[in-house]
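If you read the sequence from its start, that first residue is 1, and numbering goes on from there.
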Amino acid sequence: MPHPMPPPSTPPVPLADLLARTDLGLRQLAGPREGVAIHWVHTSEMADPVPYLLGGEMLLTAGVHLAEVRATAATSPDAALDAYLDGYAARTVAAGAAALGFGIAPVHDTVPPALVTACDRHGLPLVEVPAGTPFTAVESAVWQAVTEARHRELTRLSEAQRALAAAAARPDPASAVLRALARHVHGWTALLAPDGAEHGSAGPRPDGPVRAAAGRLARVLGAGGPSSATDTLPGTSLSAYALTGRGHGRQALALVVAADPHDPPAHTIAGVAAVLLALITGPATAHGPAAAEHSAALVQLLLGARPADVAPLLGAPLWTVVHAERRRDTTASAASLAAALGTSLVAPGTAAEAPAAPGVRPATEATPRTEAATAPGVTPALRALVPADKEVTAYPGWTLGVSEPAPVAELATADRHAAAALRRALAGRTSLVRHRTPGPHSITSLVAPADARQHAQALLAPLADSPPLLATLHNWLSLHGSWDRTATALGIHRNTVRQRITRITGLLDTDLNDPDVRMELWFALRSLDRDASRP
């Protein structure tokens, strides 16, 4: 039995939410009633769909395969069917499926009682899909709920990042960041020394067991252990992040956050706060005057300063921009990634409408129309500025997009390149992708930029007023026409990608299966990219 893949980086949909929709008319007949989460939907009438399951899905079937089981049974068809359904439920659970949906009609008038018994036995939620509800309606409901949940999650992360960045620039910034963090994770936050002494806290004070567990985590981190640690108590999830003191003769501090265990965004928000507090609680005497200037540059960039204005504080002539997204199956902290990158210039990732991060001017300024600055579902957990002489390598638990070295004046362009590299890395399920600019002797250099731009604008004119179509075409071509990888890169459903490509084909009145057409469109899109990247 293959091990289920880790869940996708999209919020799950509670099964209870689907059951509550009167337009679907779903009814649960067996299995657990609480805590069931759906990540996606898969329909199959195969006798053994397990090899095609990823884990976390609701498997939908109309039971077409059951008739074959009865027909091929040598003796006692009912007993053969009972044994088959028991194995079917057991294997579906082992494959990691979240629930089984059984459609009434056109094959069956009711859900087979043996299937109800088998699902109860193996702990598989079984849902009856009424005759008037097509499977596509269930799938559409799941993706609609995923999209809405992801939008709420990104909005919450964006608001929290803005609040934390603003708090970091206030007087007594450590206390201000703790208060902002407590508000946005709806929990308790504290700076603890290894001996358990508090150096600041905010939010509702936890009970004794939680406070004792927090002290233990701070002690583990302060003893030179991992850079982060977690613990789970009834109703509470604890996360701790090492902040200061290692190698500088100072007492180490840890940020400890107590939040709802069923609130994944709280962990991401806490990681952002840990990066800021690591800067705030690490005085210049520990790292030298340059670190103080870097910290000042960081806060100014977080609040939207132009790169040119902070160039004197940055010092190094060339910088690499890194966009990083934490995988949901890891506990690796943002602070540990920052340490591995060897830079203190780390900022929370932001959505397009959020304040600028390092090197990023507001999204209303020159943003390539063919490549959204922040695609849905690909908002980085953090952005980092790394001196160009430091090598950026893959880091366990994180997916990285890396720009080419750039001077401070071109950090906005480098930031877009890092964002595009991160999208390619996520789509290709690889740990690191580096942006590469075509060399001076590439085929594109044979055409004058003005001529290339004029041709591109004319060729893509039917798409000019639709940035989503341009972004879809750009990603689809860059990913060699892969529906699934394009859907992952853009954070949308693969059917939406197909619909957009079909619409693009009609608007351009061309054949996207023709490699010559694809090549010409790609050159046109790249021409617009280069034009948009100019100051």
Verify, without hydrogens or angle tests, whether [X] (side chain) and [Y] (backbone) share a donor-acceptor contact under 3.5 angstrom.
X      : Y      : value
Thr92  : Tyr88  : yes
Trp476 : Gly481 : yes
Ser140 : Ala137 : no
Thr505 : Ile501 : yes
Arg434 : Val392 : yes
His186 : Asp260 : no
Thr472 : Arg500 : no

Would you check if Thr61 and Val64 make a side-chain contact, meaning some heavy-atom pair closer than 4.5 Å?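 Side chain of Thr61 against side chain of Val64, heavy atoms only: no contact under 4.5 Å found.
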Would you say the side-chain atoms of Ser158 and Arg162 include a donor-acceptor pair closer than 3.5 Å? yes
Would you kindly say whether His323 and Asp415 are connected by a side-chain donor-acceptor distance under 3.5 Å?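 Their side chains do contain a donor-acceptor pair, which is all the 3.5 Å distance test asks for.
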State which residue, out of Leu422, Val386, Leu432, fulfils the side-chain contact (heavy atoms from CB on, under 4.5 Å) condition with Val402.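 Exactly one candidate clears the test, Leu432.
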When the ring planes of Trp143 and His493 are compared, do they come out parallel, tilted or perpendicular, using 30° and 60° as the limits?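 The rings of Trp143 and His493 stand perpendicular, inter-plane angle above 60°.
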Would you mind checking if Arg156 and Asp263 are paired as a salt bridge, meaning a charged N to carboxylate O distance below 4.0 Å? yes
Are the ring centres of Phe523 and His455 closer than 6.0 Å?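 No; His455 has its ring centre 6.0 Å or more from that of Phe523.
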